[in-house]
Amino acid sequence: MNNGFQRHRRLRRSESMRALVRETVLRKEDLIYPLFIVEGENVKQEVGSMPGVHHYSLDRLHEELDEIVGLGIQSIIVFGVPQHKDEKGSSAYADDGIVQKSITYVKENYPQLTVIADTCLCQYTDHGHCGVIHNGDVLNDESLALLAETAVSQAKAGADIIAPSNMMDGFVAAIRAGLDEAGYHDVPIMSYAVKYASSFYGPFRDAAHSTPQFGDRRTYQMDPSNRMEAIREAQSDYEEGADFLMVKPALAYLDIMRELKDRFPLPLVAYNVSGEYAMIKAVAMNGWVDEQAIVMEKLTSMKRAGADLIITYFAKDAARYIDKN
Ligand code: PBG
């Protein structure tokens, strides 16, 4: 030490010096792009609250997939938006369901992509909850069998990873048992281990038509005020055999990401959700911030907080920015 202080600025003197000491770097391999696939034909429709994100029907999905592959993105997560909804979400686990057909299509035509299937019932139930209902309650154990059935049907369709987002207790154990029994020992589970009852999901629910028709999700998704509960949730999924842990949403929960990264030796996934995307798009469209700079800063902050992978509607933009630099 000289003059009683340290010269931190020594390591910031030039771009190459800064690059030399950069601790966190966002790679294209870290990005997972969400896709919404609807039934019907010739559909490419922008989601109102998510500029730049579209619904596609299967016959036009190649337009999106060609772009993704061209940009060097290697993983997608698929959400089905079915026409038919019923009490038990039966099109979630139908062999000819929209997600099953989409997964098979992608794996046949773009075998290089890793396809992650979101495993939940809320887009498929007429009441919009993530499990089955009795007298206004979301039943836990009765929902597990249907979730396992959904996961198996997705694996059968060719899904590379199963990502259960329903927040029923014991879903990892139930899905692992279901997959193993059906012979899918090698299909990993990316658990939405820590999923908060967040207001940041609003635009997604428009996109996926999955708004609960009564009540809310607070009996199964977590209270945003809680940190210790996140550790308990992650602990059970770890013990039940999850291969990845996820924290969702991302930006308001970076502290939780760090906590999980320090405690559990599993790949950690951040879900940069729809409302987080919509907020940045809205300010950028007003010209109030530099979109590229803000997007890269935010995604980098998630990695710095401990995320290894990021599910983000910004994946295509980020891939372009990475190419530019
Ligand atoms: C389904 C599910 C949701 C999201 C991903 N999977 C919505 C919810 O729980 O209401 C939200 C994703 C986003 O907001 O981008 N359970």
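Every heavy atom of this structure was used, including side-chain atoms; hydrogens, water molecules and symmetry mates were not. Keep in mind that what you see is a predicted model, and the values were worked out from it rather than measured. First listed ligand is number 1; within each ligand, the first listed atom is number 1.
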Which N/O atoms of ligand 1 sit under 3.5 Å from a protein N/O, and at what distances?
residue: ligand 1; atom: 6 (N); partner: Lys248; partner atom: NZ; Å: 3.4
residue: ligand 1; atom: 9 (O); partner: Lys195; partner atom: NZ; Å: 2.8
residue: ligand 1; atom: 9 (O); partner: Gln221; partner atom: NE2; Å: 2.9
residue: ligand 1; atom: 10 (O); partner: Arg205; partner atom: NE; Å: 2.5
residue: ligand 1; atom: 10 (O); partner: Arg205; partner atom: NH2; Å: 2.8
residue: ligand 1; atom: 10 (O); partner: Arg217; partner atom: NE; Å: 3.1
residue: ligand 1; atom: 10 (O); partner: Arg217; partner atom: NH2; Å: 3.3
residue: ligand 1; atom: 14 (O); partner: Ser274; partner atom: N; Å: 3.3
residue: ligand 1; atom: 14 (O); partner: Ser274; partner atom: OG; Å: 2.7
residue: ligand 1; atom: 15 (O); partner: Ser274; partner atom: N; Å: 2.8
residue: ligand 1; atom: 15 (O); partner: Tyr313; partner atom: OH; Å: 2.5
residue: ligand 1; atom: 16 (N); partner: Ser165; partner atom: OG; Å: 3.4
residue: ligand 1; atom: 16 (N); partner: Lys195; partner atom: NZ; Å: 2.9

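- Hydrophobic cluster membership differs between Met296 and Met285, with clusters built from Ile, Leu, Val, Met, Phe, Trp and Tyr side chains linked at under 4.5 angstrom.
- For the pairing with Ile116, the side-chain contact (heavy atoms from CB on, under 4.5 Å) check across Leu309, Ile76, Ile77, Ile162 returns one residue only, Ile77.
- Judged by distance alone, the side chains of His62 and Tyr110 never bring a donor and an acceptor atom under 3.5 Å apart.
- Salt bridge Asp255/Arg227: absent, no basic N to carboxylate O contact under 4.0 Å.
- The aromatic rings of Phe36 and Tyr313 sit parallel to each other, their planes meeting at less than 30°, with 60° as the upper class boundary.
- Aromatic ring pairs are classed by plane angle as parallel below 30°, tilted from 30° to 60° and perpendicular above 60°; the pair Tyr271 and Phe79 is tilted.
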